[in-house]
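Report on one structure; see the data block that follows.
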Amino acid sequence: MWCANDWADADVALHHLEREFFAAGAPDVAPLVLNKLFVVGECIGRVTEVEAYTRDDPASHSFRGRTNRNSVMFGEAGHLYVYFTYGLHHCANIVTGHAGDGQAVLIRAVEPLVGTEQMIRRRGRGTNIADGPGKLCQAFGIDIDLNGFDLCSGLRACILDDGHAPPEVPIVTKRVGIRVATDRLWRWSVRH
DNA sequence: AGAGTGATGGGCT
DNA sequence: GCCCATCACTCTT
């Protein structure tokens, strides 16, 4: 189990993001997740790119209502919605809003900070380790077994705030990899 | 620009 | 039930 004492700079104050943080709408929550720490097991990365998906959004899995696959999106905020796609990749989302809303924030990229060696081993390469939604799931060992995991329940998988504020001026662009509702500016990333 | 990969769900019969 | 287009992707050419 990772603990705060393992953090390279013992002076940083860490706090665990609580459920209330995720209770707003996905387009409001998403940019606030930038620069937070995404923790899964012993792997930690700083979130650098996110997208929002909502119920009234034709690009969202929840658009056509609740199904077995997307049921976690309709549950309590702060849980992880993981799905398998394109026959090979997993993607990780944070459920937002209130139960029944059907919305989530897709974590698209992180900067590896802790557990980098394991990420490289899992990815089978030393570059571009976690700069894509499928890549970061492979690097962090996220698969369908983590679907529904409560990120507000402990340190095994969670979002931590180490005092790095979200960027004052994030890069805001159209979402990528979708074929509908491509006009919504619901992708946020940090400058390099 | 395209191949690889497999679960999902909508539309049928 | 079955068929099959679709898919919030990655890597290589």
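Quick caveat, the model's predicted, so the values are computed rather than measured.
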Please table the atom pairs, donor to acceptor, closer than 3.5 Å between any side-chain atom in residues 26-38 of chain A and protein atoms at least two apart or in another chain.
residue	atom	partner	partner atom	Å
A:Asn35	ND2	A:Ala165	O	2.9
A:Lys36	NZ	A:Leu32	O	3.4

Practice problem: Could you say whether the aromatic ring of A:Tyr53 and the base of C:dA8 stack, counting only centre distances under 5.5 Å and plane angles under 30°? | Solution: yes

Practice problem: May I have the distance from A:Asn147 (atom CG) to B:dA7 (atom C1'), rounded to whole angstrom? | Solution: 13 Å

Exercise. Go through the structure and list residues passing side chain to side chain donor-acceptor pair (under 3.5 Å) with A:Thr67, not counting sequence neighbours.
Key: A:Asn70

Practice problem: Could you list the residues that satisfy ring pair (Phe, Tyr, Trp, His ring centres under 6.0 Å) with A:His90, not counting sequence neighbours? | Solution: A:Phe84

Quiz item: Choosing from C:dT10, C:dC7, B:dG4, which nucleotide comes nearest the side chain of A:Pro133?
Solution: C:dT10

Quiz item: In whole angstrom, what separates A:His90's NE2 from C:dT10's P?
Solution: 12 Å

Exercise. Establish, with yes or no, whether the OP1 or OP2 oxygen of C:dC11 is under 4.0 angstrom from a side-chain nitrogen or oxygen of A:Arg125.
Key: yes

Practice problem: Just call it for A:Asn128: base, sugar-phosphate, or nothing, with non-hydrogen atoms closer than 4.0 Å on any strand. | Solution: nothing

Practice problem: Kindly indicate whether the side chain of A:Tyr86 and the base of B:dA7 share any N or O donor-acceptor pair separated by less than 3.5 Å? | Solution: no

Self-check item: A:Leu17, A:Ile44, A:Leu155 screened by side chain to side chain contact (heavy atoms under 4.5 Å, CB included) with A:Leu160, the one that passes
Solution: A:Leu155

Practice problem: Applying side chain to side chain donor-acceptor pair (under 3.5 Å) between A:Arg175 and each of A:Asp57, A:Thr182, A:Asp183, report the one that passes. | Solution: A:Asp57

Quiz item: From A:Cys158 SG over to A:Leu151 CG, what is the distance, rounded to the nearest 0.5 angstrom?
Solution: 7.5 Å

Quiz item: Counting side-chain heavy atoms from CB outward, which of B:dG4, C:dC11, C:dC7 is closest to A:His89?
Solution: B:dG4

Quiz item: Within this structure, what is the CD1-to-P distance between A:Ile144 and B:dA7, rounded to whole angstrom?
Solution: 11 Å

Quiz item: Which residues within residues 57-82 of chain A lie with some heavy atom under 4.0 Å of an atom in DNA chain B?
Solution: A:Arg64, A:Thr67, A:Arg69

Exercise. Looking only at side-chain atoms of A:Phe84, point me to the closest of B:dG6, C:dA8, C:dT12.
Key: B:dG6

Practice problem: Name the nucleic acid region contacted by A:Gly87, choosing base, sugar-phosphate or nothing; use a 4.0 angstrom heavy-atom cut-off, strictly under. | Solution: base

Practice problem: Using whole Å, report how far OH of A:Tyr83 lies from C1' of C:dC9. | Solution: 8 Å

Quiz item: Run the side chain to side chain donor-acceptor pair (under 3.5 Å) check on A:Ser71 and A:Arg66 step by step: do they pass?
Solution: CA-CA 6 Å; A:Ser71 63; A:Arg66 180 178 185 144; 4.6 Å; no

Quiz item: Any Lys/Arg nitrogen of A:Asp131 or A:Arg108 sitting under 4.0 Å from an Asp/Glu carboxylate oxygen of the other?
Solution: no

Quiz item: Nearest of C:dT10, B:dA7, C:dC9 to any side-chain atom of A:Lys135?
Solution: C:dT10

Self-check item: Interatomic distance where CZ belongs to A:Arg179 and P belongs to C:dA5 [whole Å]
Solution: 13 Å

Quiz item: Under 4.0 Å between a side-chain N/O of A:Arg175 and OP1 or OP2 of C:dC9, yes or no?
Solution: no

Practice problem: Report the residue from A:Pro167, A:Pro166, A:Pro170 that forms a side chain to side chain contact (heavy atoms under 4.5 Å, CB included) with A:Val190. | Solution: A:Pro167

Quiz prompt | Interatomic distance, A:Leu106 CG vs C:dA8 C1' [rounded to whole Å] | solution = 5 Å

Quiz item: Could you write out DNA chain B as a dot-bracket string, with dots for unpaired bases, | for bases paired across to another strand, and Watson-Crick or G-U pairs counted at under 3.5 Å?
Solution: ||||.|||||||.

Practice problem: Please list, chain by chain and in numerical order, all residues satisfying salt bridge (Lys or Arg N to Asp or Glu O under 4.0 Å) with A:Asp56, sequence neighbours excluded. | Solution: A:Arg184

